[in-house]
Structures are given as C-alpha cells and as structure tokens.
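Convention: sequence-line order gives letters A, B, ...; per-chain numbering from 1.
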Protein chains: 2
Amino acid sequence: MARTPVWKSIAIALTDDIAQGRYETGAKLPPEAQLSARFGVNRHTVRRALAEMAEQGLVHARRGAGVFVAAKPADYPIGKRVRFHQNLAREGRTPAKQVLMLETRAAGVREAEALGLAPGDPVHVYDGLSLADGQPVALAQAIFPAERLPDLCGALREETSITAALKACGVADYTRLETRITAKLATATQALHLRISEGAPILRTTSISVDPDGTPVEFGRTWFAGDRVTLTVGGED
Amino acid sequence: MARTPVWKSIAIALTDDIAQGRYETGAKLPPEAQLSARFGVNRHTVRRALAEMAEQGLVHARRGAGVFVAAKPADYPIGKRVRFHQNLAREGRTPAKQVLMLETRAAGVREAEALGLAPGDPVHVYDGLSLADGQPVALAQAIFPAERLPDLCGALREETSITAALKACGVADYTRLETRITAKLATATQALHLRISEGAPILRTTSISVDPDGTPVEFGRTWFAGDRVTLTVGGED
DNA sequence: GGCTAACATTTGTCTAGTTGTATAGTTGAA
DNA sequence: TTCAACTATACAACTAGACAAATGTTAGCC
C-alpha cells in the first residue's frame, strides 16, 4: 500500500478546491475547526496540511483572522518610468493604495543627500501600502522636498496614486534616476502589513526620481513581498 | 524561541517615537484606529501596547479625548558633575529620593579599592530609589568612607539629595572621576522597585567621585530603568 | 456673547471567533 | 522497543464587531 499520510491527502483536496475555483484568491478558507470536522480528523492534522500549503505559498494564515488564499505573483517592471498603478493595470489587476502615515518633518542625512537638500530641511514623508486586487503587494515610503511641494500632503491623501498627486502639485512628469535592489527578511510589522510571515523574503528597493530638469522630487524606499512580485529590469521602455 | 508579541514591538516603536521627539511631551498621539492602521493590526493589539506604556507612565489616555504623552525618557547627562536632582530639575521634572536602606559596615575588597581604603574599613552604605515626577527612575547604591564622614547617615536620612547630605558633612564639592556603563536585564527585585517588568533592559553604572583634593568620597552603583532614561555623555559641562 | 442641543470623535468594555503553541496521550507498524 | 502519525486538551495571541461613556466641536437660539 502507498500509505500517504492523511494530512497530505487533505492538502491535496484543499489545493484542488482552490484550483477548481471553490475558494477565490484572497478569500478566507473555513476555520481550522470547521475543516477538521469536514475531513473527520483532529485540528492538528488539518494544520499540518495547511502548513504544507503555506510553505508552497498557496495560502497564508493570519492569527485571529483566518487562512487566506494567496495571490499569484505579478511582474513589476523597473525602468526609467516606474508607475505602480500603470504597471499593475497593464497586467489586468486593480491597483490601490492605502495611506498608513503622512507627516512633515526634518530630513535625515541620507534623505537630504538623495534629494539634494540640507539635513534638517522639511520633507513630506508618505508611508503607504500598495495593493493589487485588494492584496497587499508592497510597503512604500516616499520622501518629497516640502518647500518645493507645499501642498503635496493633501494631494496624497486625496489622489489615488502618487503620480496623480505629484501632477496636482505641478510635477507633470518625472523619471527614475536610480534604483537599488537588495533582499531582506520581513520584520514583524512589515509581515503584518504585507500579510506574509515574519522572516519571509522581501525585496527592498531605494530609488531617486527627478523631474525633467533633473531636480530630485522623490526619494523612495519600497519593500515588496518577495512571493508576490517579480521585479523585471530592461526590456522595452 | 520566545518570539516577541506584536503588541510589544508596537509599544517599543511608539516609545521610540516619543524618545525621538516625534511626539512632544503633552502632545496627543494619533487615535487608536489610526495607529492600528499604521501598524497593520487590530485596534485591540494597539490598546495592549498603549496599556503597557500607560503602566510605565509614558502615556495616559482620556476617554473621548485621546492618548497623551505623559513624559518622554529623560536625558541624563553624565560628565564631571553628576547631580541627580539638578539633572532632572533642569528638564522641568520633580526629583525625589526614597531611602531603602542605610547601614555602616566593613568595606569589601572592590569597594575599598575604589575608595582608597583598606578592606574591612568602615563604610556607610546607602541604598535608595530615585524618582522623577513620582516615577521610579533609578536604583542607587552609594558607598562612603565612614571615618571621613562620621555623621553622613543622619544627613542622608534628612536631606533631600546626596549632594546636600555631603555638603552638610563638609564636602562642599565633588566631581565624577570615572563612570562605567553596562547593560543588564532587570532582576525580580530591581523590577519591583523600578516598577518595570522582570527582564526589562537596565543601564548599570558604577562610578567613583572625588573631592577637590582628589580624595575619593563616593563609590556609586546605579541601575537606571532603560525605558525611562537616556544617558548622555559629553556635550557641555 | 453665552447657552444649549446635536453630532462626531475617541477611548473603555464586552463577547465571540480564529490561529499559534505547548503538553501529553494513543495507535500502528518497522 | 522505538518511531512517526494522529488525537486530545488547554491556553496564549490576535482579530472582529458592537456598544457604552466621555469628550470636543459646531450650529442655532436667546
């Protein structure tokens, strides 16, 4: 006899359910207690199955909330013209952003250098979450020179994208001057926002964007959920 | 592995924000709902963090109004002239001390060496608690040469500060010769006195103070509640 | 101006549900 | 015996939603 463990057959059954479309991406699976009743096994056995699926990136569990079907990875091109909303819309996914924090404060040394300011000059700091089809994809921090863009905070709050907010403040166009990419592990709060597990791989990019005159307008730091995004460089554009 | 709970890391993040001056003393923190969005957790989890901070006296909440910063960690300059009462008064906080124990006994080897005595010579030992605005900030042990300062015990009991007690015994001035700083974790009794949790970080300093002639007058050991104090070295003075 | 009433905001509390983890026990097979 | 798979139970940590209570704000009225 083959003797496949019970938990493995449960994992297969659930995986099949997802493939059949019984549970959509982003949807919540029934709670473990309910699943264990359905399969007639102990809760731990279901957990074993779910753990396997989580490791394969098929589902993701949030303590207290439930187990959710993970989304498919998206290609995210990085070139001269990086526009989160356009990038995703091109793939037929619905982009969205969620403002986590918005403040104006003095620039740090690193930030001032990137924006061509003096340390201590005022900057707008935007902390936000970028979503694709309602699923968090990236944590983004963007820093703008406050003196040049005094009304940006309001615009960021109201507009649906950073590009639109910059346009409302008179920056009709801007291009990416430089992007640096490194790999990190998710901290606890990053993991919570991105709905991944602590210690999961993260792509961290830091970037400088300039307007057509070559004046820096944005210093950005973005943390992508490594499982959900594939950064692509080069190609067209 | 004992992973740190999410609420604890949130408490640390907020405490740090306060220490960094992002929220001034007396200022209102963002409402719980906003904080829970910023950290990506449920409001209850933020409340757990705020409860911890409130217990430590860092913030206090008023129903219907908000959560306010009660006190930011005090800066405690360490230089030639370390005076607990003056240090705190300069920051607009009310210092106080509470005597835990007062005794005269024979000096140990380490203590004798620091004070330039022979082991077994009599020393006064002061054990006390230092408070800022009624909040315990540090546990202090001070050891004085008994033969040189025979009446110190009584003075320590009556005067409000060690500086005053020394003055009453004829030591008009004294300066810090040396201070050593290490990090420790709070023991149960330390935690109890400082009203922090067991295992919380503690700054331990050992110091030698001398009178204008260069004769050692005090050998001190102090345990600061790490959350409530930031030791600063150098600068003015 | 000064007062009140209505409303929105914000913290406090409660109940219920869900996943994470730890411990101990049972069963079946090599 | 020993080991792996599974069961059983309990508790901790976090989520979710609802409502109460206190506060701050604003509009309207005298």
Problem - Length of the line joining A:Leu192:CG and C:dG20:C1', which is rounded to integer Å - result: 14 Å
Practice task
Figure out the CD1/C1' separation between A:Ile196 and C:dT19, and round it to whole Å.
Solution key: 18 Å
Fill in the blank from the handout: A:Glu52 CD to D:dA5 P, in whole Å, measures 12 Å
Fill in the blank from the handout: Whole-Å distance, B:Arg48 CZ to C:dC14 C1', equals 17 Å
Can you tabulate the close N/O pairs, meaning under 3.5 Å, that link protein atoms to atoms of nucleotides 8-10 of chain D?
{"residue": "D:dA8", "atom": "N6", "partner": "A:His44", "partner atom": "NE2", "Å": "3.0"}
{"residue": "D:dT9", "atom": "O4", "partner": "A:His44", "partner atom": "NE2", "Å": "2.9"}

For residues 29-38 of chain B, tabulate all N or O donor-acceptor pairs below 3.5 Å that involve a side-chain atom, not counting sequence neighbours.
{"residue": "B:Glu32", "atom": "OE1", "partner": "B:Arg43", "partner atom": "NE", "Å": "2.7"}
{"residue": "B:Glu32", "atom": "OE1", "partner": "B:Arg43", "partner atom": "NH2", "Å": "3.1"}
{"residue": "B:Glu32", "atom": "OE1", "partner": "B:Arg47", "partner atom": "NH1", "Å": "3.4"}
{"residue": "B:Glu32", "atom": "OE2", "partner": "B:Arg47", "partner atom": "NH1", "Å": "2.8"}
{"residue": "B:Ser36", "atom": "OG", "partner": "B:Glu32", "partner atom": "O", "Å": "3.4"}
{"residue": "B:Ser36", "atom": "OG", "partner": "B:Ala33", "partner atom": "O", "Å": "2.7"}
{"residue": "B:Arg38", "atom": "NH1", "partner": "B:Asp17", "partner atom": "OD2", "Å": "3.4"}
{"residue": "B:Arg38", "atom": "NH1", "partner": "B:Tyr23", "partner atom": "OH", "Å": "3.3"}
{"residue": "B:Arg38", "atom": "NH2", "partner": "B:Asp17", "partner atom": "OD2", "Å": "2.8"}

Problem - With sequence neighbours excluded, residues passing salt bridge (charged side-chain N to carboxylate O under 4.0 Å, His left out) with A:Glu111 - result: A:Arg105, A:Arg221
Problem - Short side-chain N/O contact from B:Trp7 to OP1 or OP2 of D:dC14, under 4.0 Å - result: yes
Exercise for the section: Whole angstrom is fine here: how far is it from CG in B:Leu35 over to C1' in D:dT15? Expected result: 17 Å
Problem - Side chain to side chain, A:Thr25 and A:Gln135, heavy atoms closer than 4.5 Å - result: no
Fill in the blank from the handout: So the salt bridge (charged side-chain N to carboxylate O under 4.0 Å, His left out) pairs with at least one residue in residues 171-186 of chain A (sequence neighbours excluded) are A:Arg81-A:Asp173, A:Arg83-A:Asp173, A:Glu178-A:Arg180
Exercise for the section: Check whether any side-chain heavy atom of B:Ile202 sits under 4.5 Å from a side-chain heavy atom of B:Gln190, and report yes or no. Expected result: yes
Exercise for the section: Look at the side chain of A:Lys97 and the backbone N and O of A:Glu159, then say whether any donor-acceptor pair between them is shorter than 3.5 Å. Expected result: yes
Exercise for the section: May I ask you to verify if any side-chain N or O of A:Thr45 is less than 4.0 angstrom from the OP1 or OP2 atom of D:dT7? Expected result: yes
So which protein nitrogen or oxygen atoms get under 3.5 Å of nucleotides 4-10 of chain C's nitrogens or oxygens?
{"residue": "C:dT10", "atom": "O2", "partner": "B:Gly64", "partner atom": "N", "Å": "3.3"}

Exercise for the section: Whole angstrom is fine here: how far is it from CZ in A:Phe39 over to P in D:dC6? Expected result: 14 Å
Practice task
Report yes if a side-chain nitrogen or oxygen of B:Arg47 is closer than 4.0 Å to either non-bridging phosphate oxygen (OP1 or OP2) of C:dG12; otherwise report no.
Solution key: yes
Problem - Contacts of B:Phe224 that satisfy ring-ring contact (aromatic ring centres under 6.0 Å, His included) - sequence neighbours left out - result: B:Tyr76
Completion exercise
Between A:Val82 and A:Ile78 the two heavy atoms that sit nearest each other are CG2-CA, 4.1 Å
Problem - Side-chain (A:His193) to main-chain (B:Gly40) donor-acceptor, under 3.5 angstrom - result: yes
